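Reviewing the structure listed below.
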Amino acid sequence: MPAHYPFKEIEPKWQKYWDEHKLFLAPESPQKKYMVVPMFIYPSGDIHMGHFRNYTITDALARKKMMEGYEVMHPFGWDAFGLPAENAAIKLGIHPEAWTLKNIEISRETLKRIGICFDWTREVTTCLPDYYKWTEWMFLLMYKRGLAYRTMGKVNWCPKDKTVLANEQVVGGLCWRCDTPVETRELEQWYFKITAYAERLLADIDKLKGWPESVKTMQRNWIGKSTGLEIRFESENGVPLTVFTTRPDTVFGATFMVVAPEHPVLEKLPVPAGKKSEVKAYQEKSRRKTDIERTSAEREKDGVFTGAFALNPLNGEKIPIWMADYVLATYGTGMIMAVPAHDERDFEFAKKYNLPIRPVIAPMEGNVELPYTYTEKAKLINSGAFSDLPCEVGWQKIADKVEAEGKGRRKTEYRLRDWLISRQRYWGCPIPIIHCPKDGMVPVPEEELPVLLPKKVKSFIPEGRSPLADVPEFINTTCPKCNGPAKRDPDTMDTFLCSSWYLFRYADPKNEKAPFEPKKVNTWLPVDNYVGGIEHATGHLLYFRFFTKVLQDAGYVNFDEPARNLFNHGMVLDAQGRVMSKSLGNTVSPIEEIEKEGCDVLRLAMFFAAPSDKEMLWTTEGVLGQSRFLSRFWRLAQELKDYFKAPLHYKVDMHTSTEYDRALYKKLNWAIKKAAEDYADYQFNTVISAVMELLNTFGEVPKDSKVAHYALSKATQLLAPVAPHFSEEIWQILGHKPSILASGWPKHDQQALEETIMTLAVQINGRLRHTVTLPKTMPEVEILKHLQELPKLAPHFEGKSVVKSIYVPEKLINVVVR
RNA sequence: GCCGGAGUGGCGGAAUGGUAGACGCAAGGGACUUAAAAUCCCUCCCCGAUUCUUCGGGGUGCCGGUUCGAGUCCGGCCUCCGGCACCA
């Protein structure tokens with residue numbers, strides 16, 4: 001173990017200093033703002049290494065910007081509603097609120113202890129009435145704008161626990177708690193009409209210049225835009241059967257139709273009496289399946305023939321209508337034309353039930369192997385007047401004809417579904433709607449918000465409906481319109497609603513009159529840098545963008561995208577490479593190591609172990625190296641504190657200085673330059689190694705050095721974002737005025753990096769043969785001449801002639817000889 | 001299956017198309033010490049020579065290509081990790 005620097009004294013000392021001097025409070029009207037935000041967390045217990053990684057990243061970014069003279073907002077909050085609190089209540093007998101607030105206390109203390117520079121005056125806690133009042137307000141905004149609606153929807157239902165389950169609580173079709181097969185139930189649910197924003201959410205992805213490609217791709221796929229054609233088939237008895245297809249070029253290959261079992265049109269089809277019971281049985285069977293079961297691609301498809309037939313509008317062909325649950329009622333029109341020759345799913349189905357398979361697309365050259373799903377270098381066959389057209393042309397021509405004859409129209413479909421936001425749970429934000437037998441659904445007037453969550457409920461154990469439904473003093477109320485008796489909506493909101501607008505609240509966290517003052521939000525947002533894990537790519541980040549657009553449309557904010565830059569840090573895995581999770585019990589708290597080594601050492605170890613965007617295995621092996629590094633730094637500071645003290649802006653004359661000073665000064669400026677580049681790329685690991693290299697350059701320091709003290713001061717500044725307490729202390733030891741955060745950011749002296757001589761790598765035919773030191777000014781021809789005269793290189797030139805040479809100034813020369 | 005990301009020493013990792021392995025960990029050797037810890041110095045991808053500090057060859061998952069020059073660019077694979085997965 002190395003001799004520690006006294007981190008136990010200096011860490012609390014500087015935390016106190018920062019606090020007393022209010023260094024981390026974001027001003028109301030910044031001149032040069034920088035808002036950096038880590039994704040807030042669900043307070044499930046204590047902070048682990050994954051959180052530690054996230055917050056040290058934003059902390060370093062925030063501190064770096066402070067040193068560069070920005071006014072920084074670095075806020076934090078708690079995503080405090082949610083299921084685990086109810087589970088804790090059931091298991092431990094503690095009220096969800098008490099459990100949650102206790103956890104927040106613990107986590108906040110931990111975060112303070114690791115010196116994260118949050119502006120705690122802006123803290124938001126989503127489960128407190130001063131916050132959820134405005135979540136309710138957001139709901140009403142959606143409602144007023146026609147973006148919130150209530151309708152019947154399918155949910156997962158565990159018959160043993162008598163509860164609905166979230167999709168993620170259904171594991172392999174079974175309840176996560178009791179392994180009972182999950183059923184599907186129809187319940188009336190609240191939805192947000194995010195699909196109304198599908199096109200904008202998709203198109204504006206192109207504006208997200210500072211977002212990772214991976215997230216943008218995931219969002220594009222999630223929204224899943226497809227352009228195609230709606231075509232109206234007709235049943236024999238004249239019932240229109242409209243299908244959506246992205247392949248109008250294959251219409252002539254439609255050999256049957258498939259309708260989703262829950263499709264209402266089935267009532268109108270001429271199903272022969274003999275088929276009715278079979279159809280009913282299949283519908284019944286499908287209904288019992290969960291969406292998860294139904295959409296599993298591995299399952300073998302099945303279905304039944306309805307006995308009815310339809311007519312193909314293009315060729316008048318009579319084709320059978322089948323019913324199968326591989327067709328989703330919720331996408332397109334809930335029925336399809338099946339083209340087994342050119343669709344894998346239809347092919348599988350046709351094979352199973354011996355339905356005809358007719359190829360209508362063929363490659364320009366070569367043979368067809370069915371199913372043939374390509375469109376490139378392919379043409380139509382067996383398609384009447386359209387035969388021989390290339391696919392793309394046939395696509396358009398058929399679409400044109402269908403539109404011209406009024407049998408359909410071009411259409412864009414999205415995979416994105418509306419957002420189901422209601423939950424039959426206690427620990428969430430109430431839905432501010434009153435159900436009146438006379439007036440129907442009536443929104444709670446804004447001045448009556450918040451609808452408070454009652455503290456006392458009969459039981460937290462879910463009975464299949466919200467526990468709030470069983471609290472008479474909550475559920476029974478009067479209608480705001482007619483004053484007659486009415487009932488409150490018993491459901492609570494999905495917690496993703498709470499997290500869809502919390503960043504806006506940071507700009508105006510104490511506002512009692514509104515969720516925020518638009519001016520304040522427009523001052524601080526869009527967020528300059530939003531940092532978190534990739535797991536929120538298609539959930540939270542999409543909802544957050546959706547809310548922003550709605551708030552813009554409603555005139556509350558003047559921007560259409562909430563975050564200029566998004567950074568995804570890599571996951572922290574345990575030493576065996578497994579994801580750290582509570583259920584595996586392999587989470588590691590940073591606290592133990594912090595007590596042994598200090599939190600700056602742990603921060604450095606974290607940063608140094610891997611680039612921030614890559615996943616990392618957490619082991620304590622690297623900790624020792626960082627401990628040694630800071631200890632050496634510390635000892636050097638003690639040694640140099642009384643050496644020549646240069647001013648903070650200082651240039652060394654490269655001609656008159658000692659060789660030692662020149663070399664150190666050069667390395668210093670190299671490090672300053674490198675650190676600037678690497679900080680900008682989130683490459684904290686190489687920032688640290690650059691400072692290590694600089695430290696290694698000090699060696700035995702001559703007493704008369706005019707640079708050593710200066711270089712160490714600058715090195716301290718470079719380290720300040722990643723090792724904040726340590727840097728403050730060294731800064732003071734070296735005789736500078738605190739805080740180092742106010743000391744400015746070092747700029748490199750280009751002159752120091754400019755040399756008159758260069759070290760040149762010499763390649764002969766692309767292979768490294770030698771390195772030479774030559775004056776920078778030497779022209780290529782002379783270098784070449786010089787090389788040919790070197791005895792060491794003589795064997796390479798012997799009996800050969802120089803064909804050409806490639807000279808990369810100051811780096812390398814490649815001589816091609818033959 | 002589709003979409004991302006990644007494969008470099010014993011390990012974590014570094015390298016604007018230009019000297020592969022920076023920086024650190026581990027390991028081995030040495031100095032200091034009564035001893036240990038701490039600290040400092042040296043060695044540390046593989047093979048072969050060697051006057052002992054140099055030289056030659058090979059080497060960044062595999063196979064090709066482009067280039068004076070490829071870890072880096074292009075094409076085709078393999079493996080691992082994430083995400084999505086019957087969306088017509």
Side-chain angles (χ1 to χ4, degrees), chain A residues 1-4 212-218 220-222 224-226 228 243-247 250 258 294-299 301 324-328 330-339 342-346 348-349 413-417 533-535 537-538 568 570-571 573 577 579 604-605 608-611 613-626 628-629 631-632 635 674 677-678 683 685-693 695-696 700 759-771 792 795 803-808 810-817:
Chain A
M1 284 288 119
H4 288 112
E213 273 316 310
S214 55
V215 172
K216 291 196 276 187
T217 306
M218 283 167 86
R220 284 191 192 100
N221 293 342
W222 189 262
K225 179 177 180 173
S226 27
V243 301
F244 174 74
T245 179
T246 54
R247 293 294 306 275
T250 64
V258 187
R294 276 192 53 177
T295 56
S296 162
E298 276 126 52
R299 181 175 67 99
K301 296 171 191 18
D325 60 12
Y326 79 90
V327 170
L328 306 174
T330 46
Y331 183 79
T333 61
M335 61 180 94
I336 61 160
M337 63 171 202
V339 185
H342 307 294
D343 182 286
E344 283 171 17
R345 299 151 298 179
D346 299 344
E348 193 193 320
F349 194 78
E413 283 286 340
Y414 300 90
R415 184 189 163 281
L416 184 72
R417 301 293 158 80
I534 185 85
E535 64 272 18
T538 52
N568 292 127
M571 280 189 303
L573 308 176
V579 178
L604 290 180
F608 193 71
D613 60 333
K614 299 285 185 308
E615 65 179 34
M616 65 174 290
L617 301 186
W618 175 251
T619 64
T620 53
E621 273 162 28
V623 172
L624 188 59
Q626 300 309 319
R628 281 184 191 139
F629 167 53
S631 296
R632 277 172 57 213
R635 287 195 302 272
K674 177 143 180 70
E677 292 161 2
D678 293 353
Q683 294 277 330
N685 55 335
T686 50
V687 169
I688 295 164
S689 66
V691 180
M692 283 175 165
E693 279 191 61
L695 202 71
N696 291 345
E700 195 100 340
T759 306
L760 203 62
V762 181
Q763 292 186 344
I764 310 287
N765 290 342
R767 308 189 64 96
L768 182 75
R769 294 300 176 191
H770 195 40
T771 47
K792 199 162 184 178
V803 180
K804 69 165 171 175
S805 64
I806 295 96
Y807 178 50
V808 183
E810 297 170 40
K811 280 214 161 144
L812 171 144
I813 185 161
N814 186 12
V815 186
V816 183
V817 299

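Reminder, nothing fancy here: chain letters follow the sequence lines and each chain counts from 1. Bear in mind the structure is a predicted one, so any value in this text is a computation, not a measurement.
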TODO: For nucleotides 20-32 of chain B, just jot down a letter per nucleotide in 5' to 3' order: B, S or -, based on protein non-hydrogen atoms under 4.0 Å.
DONE: --BBSSS------
Can you tell me how far [atom1] in [N] sits from the matching atom in [M], rounded to whole Å?
N      : M      : atom1 : value
B/rA15 : B/rU33 : C1'   : 42 Å
B/rC11 : B/rU19 : C1'   : 25 Å
B/rG29 : B/rA38 : P     : 16 Å
B/rG61 : B/rG13 : P     : 14 Å
B/rA20 : B/rG69 : P     : 15 Å
B/rC41 : B/rC55 : C1'   : 27 Å
B/rG24 : B/rG5  : P     : 32 Å
B/rC86 : B/rA6  : P     : 27 Å

- [ ] Write down the atom of A/Val327, the atom of A/Gly334, and the distance for their closest heavy-atom approach.
- [x] CG1-O, 3.5 Å
TODO: Considering non-hydrogen atoms only, spot the tightest contact between A/Asp346 and A/Ala338 and give its length.
DONE: OD2-CA, 3.3 Å
Between [options], which one does the side chain of [X] approach most closely?
X        : options                : answer
A/Trp222 : B/rG56, B/rA88, B/rC84 : B/rC84
A/Tyr326 : B/rC86, B/rU16, B/rC68 : B/rC86
A/Thr246 : B/rA88, B/rC81, B/rA6  : B/rA88
A/Ser214 : B/rA14, B/rG4, B/rA88  : B/rG4
A/Thr771 : B/rU19, B/rA6, B/rC3   : B/rU19

Could you tell me how far apart [X] ([atom1]) and [N] ([atom2]) are, to the nearest whole angstrom?
X        : N      : atom1 : atom2 : result
A/Met218 : B/rC81 : CE    : C1'   : 13 Å
A/Met616 : B/rG7  : CE    : C1'   : 19 Å
A/Leu617 : B/rG13 : CG    : P     : 7 Å
A/Lys614 : B/rG4  : NZ    : C1'   : 13 Å
A/Trp618 : B/rC11 : CH2   : C1'   : 15 Å

- [ ] Please list every stem that involves RNA chain B, where a stem is a run of 3 or more consecutive Watson-Crick or G-U wobble pairs with both pairing distances under 3.5 Å.
- [x] B:1-7 with B:78-84, B:10-12 with B:23-25, B:27-31 with B:39-43, B:45-49 with B:54-58, B:61-65 with B:73-77
Students often get this wrong, so: under 4.0 angstrom with heavy atoms, is [X] touching a base, only sugar-phosphate, or nothing?
X        : result
A/Arg769 : sugar-phosphate
A/Glu615 : sugar-phosphate
A/Ser226 : sugar-phosphate
A/Arg767 : sugar-phosphate
A/Pro611 : sugar-phosphate
A/Val215 : nothing

- [ ] Please figure out whether A/Lys225 or A/Leu812 has its closest RNA chain B nucleotide nearer the 5' end.
- [x] A/Leu812
Open item on the list: Using heavy-atom distances to pick each residue's nearest nucleotide on RNA chain B, tell me which of A/Asn221 and A/Thr538 is more 5'.
Closed with: A/Asn221
Open item on the list: Can you tell me whether the base of B/rG9 sits syn or anti, using the 90° cut around 0 to define syn?
Closed with: syn
Task: A/Phe629 side chain reached by A/Phe608 side chain, heavy atoms, under 4.5 Å - done: no
- [ ] Determine, stepwise, if the pair A/Phe244 / A/Ile336 fulfils side-chain contact (heavy atoms from CB on, under 4.5 Å).
- [x] CA-CA 7 Å; A/Phe244 174 74; A/Ile336 61 160; over 6 Å; no
Open item on the list: Is it the case that over 12 heavy atoms from other parts of the model lie below 6.0 angstrom from the CD atom of A/Glu344?
Closed with: no
TODO: Would you indicate whether A/Glu693, at its atom CD, is surrounded by more than 12 heavy atoms from other residues, nucleotides or ligands within a distance under 6.0 Å?
DONE: yes
Task: Working for side-chain contact (heavy atoms from CB on, under 4.5 Å), residues A/Lys674 and A/Val691 - done: CA-CA 9 Å; A/Lys674 177 143 180 70; A/Val691 180; over 6 Å; no
Task: Donor-acceptor under 3.5 Å (A/Asn814 side chain, A/Val762 main chain) - done: no
- [ ] Mind telling me whether A/Tyr326 and A/Phe349 have parallel, tilted or perpendicular rings, with 30° and 60° as the class edges?
- [x] tilted
Task: Any donor-acceptor N/O pair under 3.5 Å between B/rC68 base and A/Lys804 side chain - done: no
Open item on the list: Closer than 4.0 angstrom, basic N to acidic O: yes or no for A/Glu213 and A/Lys216?
Closed with: yes
- [ ] Give, for atom OG1 of A/Thr771 and atom CD of A/Gln763, the distance between the pair rounded to the nearest 0.5 Å.
- [x] 12.0 Å
